[in-house]
Amino acid sequence: MNIQWRLRMAAAQREVWTGAQLRRLLVERAGLELSSASISALLTKQPSQVKLETLAALCTALECSPADLFE
């Protein structure tokens with residue numbers, strides 16, 4: 001089974017265009033602070049694993065469901 005990580009697309013659909021914007025939303029809406037490098041990796045690479053806490057924070061910050069982040 002091949003899973004496609006679609007964070008960049010989900011963010012763009014919500015008009016979040018930069019890692020800095022996403023990082024700010026994660027702090028403001030979900031209370032999760034990630035490094036700039038971590039945000040960049042999540043946006044540009046297919047992760048081999050994602051912590052449940054991070055997945056939940058991304059969904060809260062982007063007001064989406066996990067299904068919006070995977071294909």
Side-chain angles (χ1 to χ4, degrees):
M1 178 199 253
N2 188 19
I3 296 174
Q4 186 83 16
W5 182 238
R6 300 187 63 232
L7 176 60
R8 182 173 287 282
M9 180 64 72
Q13 289 171 337
R14 289 152 183 86
E15 298 188 12
V16 176
W17 305 109
T18 67
Q21 286 177 299
L22 180 57
R23 187 171 188 218
R24 201 169 18 258
L25 285 176
L26 282 167
V27 172
E28 291 172 3
R29 295 183 181 172
L32 180 68
E33 288 199 39
L34 293 176
S35 68
S36 296
S38 294
I39 296 288
S40 178
L42 285 171
L43 286 170
T44 61
K45 298 176 184 173
Q46 177 83 16
S48 59
Q49 64 183 3
V50 177
K51 290 181 180 179
L52 187 56
E53 175 187 19
T54 303
L55 181 62
L58 288 167
C59 289
T60 298
L62 294 173
E63 297 176 342
C64 67
S65 72
D68 295 320
L69 301 177
F70 299 104
E71 181 176 281

Asker: With heavy-atom distances below 4.5 Å as the criterion, would you say the side chains of Glu63 and Arg29 are in contact?
Answerer: yes

Asker: State plainly whether one hydrophobic cluster holds both Leu7 and Phe70, where clusters connect Ile, Leu, Val, Met, Phe, Trp and Tyr through side-chain heavy atoms under 4.5 angstrom apart.
Answerer: yes

Asker: Using a 4.5 Å cut-off on heavy atoms from C-beta on, say whether the side chain of Leu32 contacts that of Arg23.
Answerer: no

Asker: Suppose the criterion is side chain to side chain donor-acceptor pair (under 3.5 Å): which pairs have a residue in residues 1-10, not counting sequence neighbours?
Answerer: none

Asker: Side-chain donor-acceptor contacts of residues 47-62 below 3.5 Å, not counting sequence neighbours, with atom names and distances?
Answerer:
| from | atom 1 | to | atom 2 | distance (Å) |
| --- | --- | --- | --- | --- |
| Thr60 | OG1 | Ala56 | O | 3.0 |

Asker: Would you say the side chain of Leu42 lies within less than 4.5 Å of the side chain of Leu22, judging by non-hydrogen atoms?
Answerer: no

Asker: Nearest 0.5 Å, what's the CD-CG distance between Gln13 and Asp68?
Answerer: 7.5 Å

Asker: Kindly give the heavy-atom pair with the smallest separation between Gln46 and Ile3, and that separation in Å.
Answerer: NE2-O, 2.6 Å

Asker: Is there a side-chain contact between Ile39 and Leu43 (heavy atoms, below 4.5 Å)?
Answerer: yes

Asker: Counting distance only, does the side-chain N/O of Glu28 pair as donor-acceptor with the main-chain N or O of Leu25 below 3.5 Å?
Answerer: no

